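Taking it in order: structure first as structure tokens, then the write-up.
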Amino acid sequence: MGEESPEYFVGHHLESNAYQTVTAIDDKIYAIGGSEDNSNLSIGVKVFDKLTGTWLDPTVFGTKPTLSNGHAVVALNNGRLLILKTESSPDDCIWFLEVDTPFVKEKKKLLGADAVAWSKGVIGDLPKPIVISGPSGVGKGTLISMLMMEFPSTFGFSVSHTTRAPREKEIIGVHYHFAERSKMEKDILDGKFLEYALVHGNLYGTSIEAVEVVSDDRKRCILDIDVQGATFVRSSALEAVFIFICPPSDEELEKRLRARGTESEDQVQKRLRNAKIELERGKSPGLFDHILVNDGLEACYQNLKKLLALDENNNSPCQQLMENFKIPISHSLSKVDDKISITFPSGMFMLDVSSLKGGAPGRTRGLTIDSQVTAAA
Ligand SMILES: Nc1ncnc2c1ncn2[C@@H]1O[C@H](COP(=O)(O)OP(=O)(O)OP(=O)(O)O)[C@@H](O)[C@H]1O
Ligand SMILES: Nc1nc2c(ncn2[C@@H]2O[C@H](COP(=O)(O)O)[C@@H](O)[C@H]2O)c(=O)[nH]1
């Protein structure tokens with residue numbers, strides 16, 4: 001291990017518990033492959049510190065990639081390693097291991113120990129997720145249901161976790177994942193949540209998985225979260241459109257909350273008190289991109305659709321190439337600046353990593369396939 005490792009190294013068939021690739025960045029060597037915890041479920045990571053001559057067992061954040069029968073690694077110059085899994089499906093072959101990105105640096109600082117984070121790579125740019133906030137009873141859920149009903153294949157709802165009790169008509173896994181407080185607190189500590197907040201006396205949070213599941217379906221993700229959550233997401237790597245829904249008046253908000261009939265009198269009072277704070281915070285400069293008043297429901301819905309259509313950005317040309325993207329075991333790699341060519345007997349792919357966006361704890365987007373030659377020379 002004392003010698004300088006190559007910038008990238010193409011791995012070979014998996015041998016149980018063996019690390020497949022070693023990649024050096026500065027004073028560290030990253031051994032990637034084998035299985036995490038001998039579980040044979042996900043790719044493992046070990047770090048060798050050249051300065052101390054010791055192996056480190058880093059805390060690993062993010063959803064880990066499942067094992068494949070080989071992979072290649074390319075060190076990028078922004079604290080990430082690009083991992084290309086061979087013989088994997090198009091939506092599972094591109095991964096990033098973040099070793100020194102701002103997210104990982106923050107985690108290392110908090111832990112006082114080594115950390116890395118996985119992030120799945122996504123070709124192209126899905127339209128940005130939509131964060132919808134506003135006081136309880138203003139009509140967020142009603143507007144979101146209307147969108148999902150009219151455009152079922154365009155939008156997907158991020159199903160939050162909450163420690164509050166289910167309401168009569170709420171379905172587990174559809175409206176919320178109802179959780180034990182201790183379990184949810186542990187998952188938060190384990191880095192499984194994009195954001196969380198104490199809202200009206202209960203814990204609510206968006207798991208990274210909730211957002212990823214929607215992205216996996218190539219749908220635009222809608223998050224219904226309170227203003228504290230929106231503030232957190234605004235400062236995270238997740239680029240989103242932030243919409244705040246206001247009631248036409250305090251009296252109308254109270255009327256709607258009572259008419260819904262889902263809350264005890266204590267809860268109604270608490271939610272109305274919190275509404276005042278949320279309405280104040282909702283107007284903080286730079287937090288929300290759009291503010292909509294939900295007076296007439298139909299008019300508000302039409303306005304919501306109009307502003308969502310404005311920033312729609314679907315179907316880049318490389319989406320079709322993505323459907324054929326598969327890396328055979330036998331291939332060669334080369335990297336020139338931000339372009340990585342993957343050549344194999346029947347053709348080649350050229351990946352462009354110059355415009356990466358997002359990253360751990362969510363997906364890494366903005367990767368494009370520049371060209372594809374299908375005929376072998
Ligand atoms: N424009 C509107 N005019 C009258 N009633 C409305 C309007 N929009 C929604 N409502 C009604 O107001 C009640 C509260 O709406 P909804 O449950 O969608 O609010 P919410 O913002 O999602 O609340 P929470 O944050 O507590 O989940 C519902 O009974 C809904 O039918
Ligand atoms: N920060 C978060 N807030 C959330 C999340 N899911 C829902 N919420 C907000 O909670 C209140 C109350 O919801 P209710 O269903 O109990 O009426 C509402 O303002 C939601 O926007 C979340 O994951 N994170």
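These numbers come from the heavy atoms of this one structure, side chains and all, not from hydrogens, waters or symmetry mates. As the structure is a prediction and not an experimental result, all values here were calculated from the model. Remember, it's 1-based here, ligands and their atoms both numbered in the order they're listed.
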Open item on the list: Looking at every heavy atom in both V227 and S133, which two are closest together, and how far apart are they?
Closed with: N-OG, 4.0 Å

Open item on the list: When you compare ligand 2 with E170, is there at least one nitrogen or oxygen pair between them that comes in under 3.5 angstrom?
Closed with: no

Task: Top protein contact for atom 1 (N) of ligand 2, by heavy-atom distance - done: D226 OD1, 2.8 Å

TODO: Look at the rings of F193 and H161 and say which category their plane angle falls in: under 30° parallel, 30 to 60° tilted, over 60° perpendicular.
DONE: perpendicular

Open item on the list: Need the ligand 1 atom indices (1-based, order shown) with element for anything under 4.0 Å from a heavy-atom of D295.
Closed with: 1 (N), 2 (C), 3 (N)

Open item on the list: Ring-plane angle category for F244 and F288, please: parallel below 30°, perpendicular beyond 60°, tilted otherwise.
Closed with: tilted

Task: Sub-4.0 Å heavy-atom contact, R167 with ligand 2 - done: yes

TODO: Would you mind checking which non-hydrogen protein atom is closest to atom 24 (N) of ligand 2, with the distance to 0.1 Å?
DONE: E195 OE2, 2.7 Å

Task: Residue, atom name and distance, where the atom is the protein heavy atom closest to atom 25 (O) of ligand 1 - done: K140 NZ, 2.6 Å

TODO: Answer yes or no: does an N/O atom from Y196 fall short of 3.5 Å to an N/O atom of ligand 2?
DONE: no

Open item on the list: So which atom in A72 and which in H331 form the shortest heavy-atom distance, rounded to 0.1 Å?
Closed with: CB-NE2, 3.9 Å

Open item on the list: Counting non-hydrogen protein atoms only, what is the nearest one to atom 20 (C) of ligand 2? Give residue, atom name and distance.
Closed with: D224 OD1, 3.5 Å

TODO: Could you say whether the N/O atoms of R164 and ligand 2 ever approach to under 3.5 Å?
DONE: yes

TODO: Look at atom 11 (C) of ligand 2 and say which protein heavy atom is nearest, naming residue and atom and giving the distance to 0.1 Å.
DONE: V199 CG1, 3.8 Å

- [ ] Name the closest protein heavy atom to atom 15 (O) of ligand 2, giving the residue it belongs to and the distance to 0.1 Å.
- [x] Y176 OH, 2.6 Å

- [ ] Compute the minimum heavy-atom distance from P135 to ligand 1 and say whether it is under 4.0 Å.
- [x] yes

